[in-house]
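One structure below.
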Amino acid sequence: MRLAYSTWPEITAFLVDSKTVVIPIGSNEQHGPMGLLGTDWMCPEIIALAAEKIASEKNTALMIAPTFNIGMAQHHLGFAGTISLRPSTFMAAIEDWVLSLARHGFDHIYFLNGHGGNVATIEASFSQIYARYSYTGETCPLMLKLKNWWDLPGVATLCNKLFPVGHGMHATPSEIAVTYAAYPEQVRHVDLIPKIAPSGPILDALDYRARFPDGRIGADSSLATIELGQEIIAMSVQGLLADVQEFSAQVKPA
Ligand code: NI
């Protein structure tokens with residue numbers, strides 16, 4: 001079930017049986033010469049929607065929230081098209097999304113993330129939300145979870161097998177393959193020089209551009225294919241269904 005394609009009475013009815021919602025979250029940022037700017041929000045969205053389809057075929061509704069498609073990407077601002085929220089803005093927005101959903105009764109909120117640069121800020125947002133209750137001594141009804149799609153069961157093992165050399169850290173062939181599988185009309189063919197991009201630390205935007213001139217870090221994006229993307233999506237979907245089921249069953253001690 002997709003929240004944005006539901007009516008409010010349908011959401012009310014859904015909440016009778018389930019209090020879990022999955023929020024795909026990512027970023028709109030450069031992904032080298034072959035990767036789409038939306039790669040980091042598309043990957044979790046593609047996986048979440050494919051999982052939702054399978055769940056609905058089995059008559060077990062999985063609620064997917066609208067995709068949170070702008071993240072913390074200050075280091076990519078040296079490349080055209082990147083849109084970033086600074087950490088403080090991002091935290092405030094995450095808190096408001098969570099509290100809105102909690103207001104209606106969702107109490108298991110699962111963020112399926114597609115951008116490594118979001119992790120610290122999402123975790124800090126969770127602490128900020130929990131702190132509201134910790135300081136007042138009120139019972140917090142919420143369980144919050146962050147999962148990167150590449151950490152879903154089986155996915156890292158598969159990606160290591162598919163790309164033993166040239167996977168890298170940014171504009172990786174695995175994430176680009178996922179987007180190419182979902183949007184075959186968006187496949188790009190580019191001669192990458194060097195084939196495997198340099199690696200190094202991530203600081204500010206100008207430093208990033210100097211260290212990683214075409215935007216990639218350690219990756220050979222040209223290894224991405226539609227077929228490999230389909231394989232990665234299938235593994236990720238199974239992993240997500242299992243992980244969300246386990247999360248939904250978790251209860252806080254009375
Ligand atoms: Ni990415």
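Order of listing sets the numbers, starting from 1, for every ligand and every atom in it.
- In summary, the side chains of H76 and S84 do not present any donor paired with an acceptor at a separation below 3.5 Å, with no hydrogens or angles considered.
- With 2.8 Å as the limit, E175 counts as an N, O or S neighbour of the Ni ion (ligand 1).
- D40 contributes OD1 as its N, O or S atom closest to the Ni ion (ligand 1).
- Distances from the Ni ion (ligand 1) show that H31 has an N/O/S atom below 2.8 Å.
- The shortest side-chain heavy-atom distance between V244 and S248 falls under the 4.5 Å cut-off.
- Contact check for L203 versus R211: side-chain heavy atoms found under the 4.5 Å cut-off.
- Checked against a 6.0 Å centroid threshold, the rings of F79 and F212 do not count as neighbours.
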